[in-house]
Every structure is written in structure tokens, then in C-alpha cells.
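Shown next, in C-alpha cells, is the structure this report addresses.
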Number of protein chains: 2
Amino acid sequence: MPSRLIVSRELADLFRLLAHADRLRLIEELRSGEKDVTGLAQALDLPSTRISQHLALLRTHRLVEERRDGRNHFYRIVNPSLALWILDALPFVDIRLRLEEADHIDTARALWGVPDPNASH
Amino acid sequence: MPSRLIVSRELADLFRLLAHADRLRLIEELRSGEKDVTGLAQALDLPSTRISQHLALLRTHRLVEERRDGRNHFYRIVNPSLALWILDALPFVDIRLRLEEADHIDTARALWGVPDPNASH
DNA sequence: TTCATACCTGCAAACATGCGCAGTTATATG
DNA sequence: CATATAACTGCGCATGTTTGCAGGTATGAA
């Protein structure tokens, strides 16, 4: 019954793909809609070569898709709920962050334009 | 406004921590309650040294906690909802998995003892 | 056709991670 | 005390990842 093993390996592959700050920022940047490589490079203040390399990785794992229009290549998230799921990880980040800035998680959600699910208090 | 950068780095750290099949299996194994190192080593069929190394990583990032009783060190997940959130990633794993085994996700959930949230059909 | 723009790929150096193994600490037991 | 068991840490090698850079393709405009 190697299914558990297979699944954990597939999950680990996904996590490895997301284990880079710039790739997370790319996914966040694409949350508001498709963007081309130059636009992403400007938004993240990184060389476009690097953006291409990251996008190629995300593309081979089917997390983003490409649409070409003239010289521009526009990228979009295949499954937009991915970005929401990523933000659900905020409660699990190291305690230091939570202690040093008590409302850092809410700040992050606000910065990334996501409604606070605990907005009752 | 470097908060977005800081947050994406913290998130990337978390993802890197989870980007290993054996560490995911450890977290899954601890879902049913605390276990000691030897127990985990037997469950995953891995040398206990390796288990120790993985647990040390998870510990320094406060994902698991340790309780000592005699010679045994028992580990538990600090925030049990972590395991549930990890399984929420299954819809995002590479399309190949979904095409080759259409109900692999349900199989995985069943294997890992989690109720299927789409159990209406 | 020539030039500029937008993007991609290949490669090698730098860097990070995973692993086995040897040695160590801590606790229990005879 | 000596010995056994449980677990940890440090270290070196192998493997994987990230990055800059050089060179390449494709599109559009002069």
C-alpha cells in the first residue's frame, strides 16, 4: 500500500515548488489577474531572466499557464484558490513572528487584499 | 513597506520545512497523537537518527513539541490543524496524478483518515 | 532587411540540503 | 559500578537548487 508514500512525495514536490519567497510573491502578484513577464519583473524589482526561470518551474508543474500576445507572454494562476490556501498557512509560521508583531497576520492579509475570516472581534 | 517581503520569506521557510516526504509522513503519523522516536522510526521504516534530524528541524520551527518520559522523547504537533491544511493542498498537486488516478485524492484522504468534504455525490 | 523589444534556455559557480556514520549524553537496569 | 537502550549532535560527502551571464528565438517596427 504505497499510496501514502506516493501522496507524500507529490505533496513534498508541491511544497518544494512553493519554498521560495520570489515564487510566492509571483503567485501573489498574479492573484489580481494575468500579467506579463516585464510587468512581474518590475513589480518584484527582479531581473526578468529570474522571473522567467521561476515561471518556467511553476509552468512545468501546472501551477500557472501562459498566453502569448505578440511579444508579450501573459501568465495566470491555473487554480486561483491556490493563493488563498497559501495565506491559510500564516497561522503556522514561526511563533517569533506572532509574538513580535501580534497583528502581523492580519496586516499580511490586509496587505495582500484578503478579507479577514476572523473579522468578528 | 517590506512587510510583504518579510511575510513571503516566512511563508517560504515554512514551505521549505514541509518540502520533504518523510517530514510530511511524520506530521501525518503524529496526527493520531504523540509518539516517541523509536515508534516513529518503526512506523516510517527509517533509521531513528534520520527521524531525530527531521524532528529537530520541525522543533526549531515550533511545528512540533517534545515531552520527555524516562528515556523516551514523545513528540506532538503544536497546532493540529496544520495536518488538515496540508491535506487541503491535494487539489493543487500535479495534474498527472489526477488524470492517472481520478479518485486518488479521495483515496489519499481516506488513507489518512480524513472525512471527504465533498461527500455529497 | 535591419534593429529593438520581450522572453527563453544552457551552463557553471555558489549555495543549501540530505544522509550515513561515528561519537556523545541521559536514563534505566542488573 | 558496568551495561543497555533511547535519542541527540557534528561532520564530511553527495546531491539539489539558485543565480548571473552569455547566447538564442520570436515578434514587430522602421
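Hydrophobic clustering keeps L46(A) apart from F74(A) (ILVMFWY residues linked when any side-chain heavy atoms are closer than 4.5 Å, directly or through intermediates).
The side chain of H20(A) places an N or O atom within less than 4.0 Å of a non-bridging phosphate oxygen (OP1 or OP2) of dT19(D). Remark: R71(A) is not in phosphate contact with dA29(D), judged by side-chain N or O atoms under 4.0 Å from OP1 or OP2. Here Y75(B) does not reach the OP1 or OP2 of dA6(D): none of its side-chain N or O atoms lies under 4.0 Å away. Taking only side-chain nitrogens and oxygens, R68(B) never comes nearer than 4.0 Å to OP1 or OP2 of dA6(D). Between R50(B) and dG20(C) there is a side-chain polar atom (N or O) within less than 4.0 angstrom of OP1 or OP2.
Rounded to an integer number of Å, the gap from CG of L24(B) to C1' of dG18(C) is 15 Å. Whole-Å rounding puts the L44(B) CG to dG18(C) P distance at 15 Å. Rounded to an integer number of Å, the gap from D36(B) CG to dA26(C) C1' is 15 Å. The CG-C1' distance, from L17(B) to dG18(C), rounds to 14 Å in whole Å. Remark: P of dT18(D) and CD1 of I51(A) are 14 Å apart, rounded to the nearest angstrom. Counting to the nearest Å, the P atom of dT9(C) and the NE2 atom of H73(A) are 10 Å from each other. R9(B) places its CZ atom 14 Å from the P atom of dA16(C), with the value rounded to the nearest Å. If you take CZ of R25(A) and C1' of dT18(D), they are 16 Å apart, rounded to a whole angstrom.
When each of G70(A) and H54(A) is assigned the nucleotide of DNA chain D with its nearest heavy atom, H54(A) is the one assigned upstream, toward the 5' end.
Nearest to the side chain of L57(B), among dG18(C), dC8(C), dC19(C), sits dG18(C). Proximity note for T49(A) (side chain, C-beta onward) versus dC8(D), dC8(C), dT19(D): the nearest is dC8(C). Distances were taken from every side-chain heavy atom of N72(B) (C-beta onward) to each of dC8(C), dC8(D), dA6(D); the shortest belongs to dA6(D). In this structure, the nucleotide among dT17(C), dT18(D), dG20(C) sitting nearest to the side chain of R16(B) is dT17(C). In the set dC8(C), dC8(D), dG10(D), dG10(D) carries the atom at the smallest distance from any side-chain atom of Q53(B). Among the nucleotides dT19(D), dT18(D), dC8(D), the one closest to the side chain of R23(A) is dT18(D).
The residue F74(A) sits apart from the nucleic acid: no heavy atom pair falls under 4.0 Å.
In plain terms, the two heavy atoms of L24(A) and S8(B) that are nearest each other are CD1-O, 3.5 Å. The two residues S32(B) and K35(B) come nearest to each other via the heavy atoms OG-NZ, 3.0 Å.
Of the N and O atoms on the side chains of R67(B) and Y75(B), not one donor lies less than 3.5 Å from an acceptor on the other residue.
Classification of the W85(B)-F15(B) ring pair by plane angle, with boundaries at 30° and 60°, yields tilted.
Contact annotation: the side chain of L44(A) approaches that of E29(A) to within less than 4.5 Å [non-hydrogen atoms, C-beta and beyond].
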